[in-house]
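Per chain, numbering begins at 1; letters A, B, ... match sequence-line order.
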Protein chains: 2
Amino acid sequence: MDQTGETRRDPRRGRTRRALLDAALELVEKKDNFTALSLRLVARKAGVVPTAFYRHFPDMDALGLALVDESFRTLRQLMRDVRAVGLPQKQVISTSVQTYVRYVRDNARHFQFVAKERFSGSQPIRTAIRQEIRLFTSELATDLSRIPFLAKVSAEDLQMMASLVVNNMTSLTEQILDIPVDDRAEEAFLARVAEKQLRLIFLGAASWRSQP
Amino acid sequence: MDQTGETRRDPRRGRTRRALLDAALELVEKKDNFTALSLRLVARKAGVVPTAFYRHFPDMDALGLALVDESFRTLRQLMRDVRAVGLPQKQVISTSVQTYVRYVRDNARHFQFVAKERFSGSQPIRTAIRQEIRLFTSELATDLSRIPFLAKVSAEDLQMMASLVVNNMTSLTEQILDIPVDDRAEEAFLARVAEKQLRLIFLGAASWRSQP
DNA sequence: CACCAATGTCAACACCTGTACACAAAGTTA
DNA sequence: TAACTTTGTGTACAGGTGTTGACATTGGTG
């Protein structure tokens, strides 16, 4: 709630709220977990007294959910941009992977957070993330349905293919996050493998026959 | 260390060590995390005073590493059994998935632990898990190399295909763990989707040409 | 300006944590 | 049995935790 800040007008509100979110993101990198963070630690990092935390979030879970929201909002924005640009058809896979890798690097902290909390977070956070991924997969499925050679594929199988793609992009994401930021060689290698994997998937999809 | 217990002969040793491991596994289900567990909590659940913990593990991380070891040891055993049986060729994918799903269910707590700690665990635990998965993937790659229609595929591409398969088995695992144990219908659905995904992958692999 | 709600601060609470140390019980070996 | 090593217990400490309530400051609105 209160994302737009149209009702609360105190400029401090937005600032320390941001400070809390950023503090949490930074600490997730240092500590192992979001769950491992304490309210006091986050408040300290944000340069604010513990009790001030409650002015912005009822508890840590609420802050976590805000981070989930933020993470996927920007990701959806990327998807929208890619769709708008359209596909250069030939190297669509290669350029998509390149774009995505760069995007992951640019938003590393958010992706780090999501990757970590996806399975080990609190139950509300986990379901929020799963819901977002489900949605993302469905959108991809409808994108796939527009590809000519997939016209005859059943809705269920499109969903199956989409989740196949999402799984492997997810895996790529987590591998990218696991290598040091300056290791461009390893990054390029991972990207190349991911490209091949996508190409193989589409190769299989092209000769796929949905059962009635 | 001391896995076989050949040097230490006190029968209590093995028992409370097991109790600690089991306590941790149970608590990982209830709490969100292994990192979220405290030494005292685990000791309490194991029916032992906190300081007794140190008789078996120097710290929580050591206990976690023991759990990683345990988890993958049993998984490797499964793989060995499957390999020994050989492949009935025709429904190899279907039966493999069935076997695997049952196995995940039977060892749910270990898989749960691995899934959660894979990204959010402490650094030593994360690298231990990653190492095991890497090994697992390589073994699968050599298995793939024995398939006739993959004879011409380069080593790098075999590795690429193996990781594709592992990624999707991983994803299947995590989805299985996320549904209630009694929901056999959803379980069957997930298995069916996973089968299709594997079939699609092999379809793509069959027409894959490695570049020189 | 004065008012008022929003935001931030301070002090205090009851509780949980990891770990050190000295000691008791149990099991093995001579 | 007696000597020993291993395993488990009890106590204690210093420090971190979430949340409380009363208070101070700030900033927009009349």
Does B:S71 have any side chain to side chain contact (heavy atoms under 4.5 Å, CB included) partners at least two apart in sequence or in another chain, and if so, which? B:H110, B:F113, B:V114

Does OP1 or OP2 of D:dT7 have a side-chain N or O of B:R13 closer than 4.0 Å? yes

Please check if any side-chain donor atom of A:S171 sits under 3.5 Å from a side-chain acceptor atom of A:Q175, or the reverse. yes

Atom-to-atom span, CZ of B:F57 to P of D:dG8 - whole angstrom: 11 Å

So, does B:T16 get its side chain near the phosphate of D:dT7, meaning an N or O under 4.0 Å from OP1 or OP2? no

Applying ring-ring contact (aromatic ring centres under 6.0 Å, His included), can you list everything that pairs with A:F57, at least two apart in sequence or on another chain? A:F53

Take the protein atom CZ of A:R55 and the nucleotide atom P of C:dA6, then report the distance between them rounded to whole Å. 10 Å

Euclidean distance, atom CZ of residue A:F53 to atom P of C:dC10 [Å, nearest integer]: 19 Å

Without decimals, in angstroms, what is the distance between B:K45 NZ and C:dC16 C1'? 18 Å

Only counting residues at least two apart or in another chain, list the ones meeting side-chain hydrogen bond (donor to acceptor under 3.5 Å, both in side chains) with B:S94. none

Value in whole Å for how far the C1' atom of D:dT6 lies from CZ of B:R15: 13 Å

Kindly calculate the angle separating the two end axes of the helix from C:dG8-D:dC23 to C:dA30-D:dT1, each obtained from five base pairs, and round it to 10 degrees. 20°

Regarding A:S122 and A:D61, do their side chains bring together a donor and an acceptor under 3.5 Å, going by distance alone? yes

Residue set satisfying side chain to side chain contact (heavy atoms under 4.5 Å, CB included) with A:T99, at least two apart, ordered chain then number -> A:L78

So, does A:H56 get its side chain near the phosphate of C:dA6, meaning an N or O under 4.0 Å from OP1 or OP2? no

Quickly work out the B:L27 CG to C:dT17 P distance and round it to whole Å. 11 Å

Got a list of protein N/O to nucleotides 14-21 of chain D N/O distances below 3.5 Å?
{"unit_1": "D:dT17", "atom_1": "OP1", "unit_2": "A:S38", "atom_2": "OG", "d": "2.6"}
{"unit_1": "D:dT17", "atom_1": "OP2", "unit_2": "A:R44", "atom_2": "NH2", "d": "2.9"}
{"unit_1": "D:dG18", "atom_1": "OP1", "unit_2": "A:L39", "atom_2": "N", "d": "2.7"}
{"unit_1": "D:dG18", "atom_1": "OP2", "unit_2": "A:L39", "atom_2": "N", "d": "3.3"}
{"unit_1": "D:dG18", "atom_1": "OP2", "unit_2": "A:R40", "atom_2": "N", "d": "3.0"}
{"unit_1": "D:dG18", "atom_1": "N7", "unit_2": "A:R40", "atom_2": "NH1", "d": "2.4"}
{"unit_1": "D:dG18", "atom_1": "O6", "unit_2": "A:R40", "atom_2": "NH1", "d": "3.0"}
{"unit_1": "D:dT19", "atom_1": "OP2", "unit_2": "A:Y54", "atom_2": "OH", "d": "2.7"}
{"unit_1": "D:dT19", "atom_1": "O5'", "unit_2": "A:Y54", "atom_2": "OH", "d": "3.4"}
{"unit_1": "D:dT19", "atom_1": "O4", "unit_2": "A:R40", "atom_2": "NH1", "d": "3.4"}

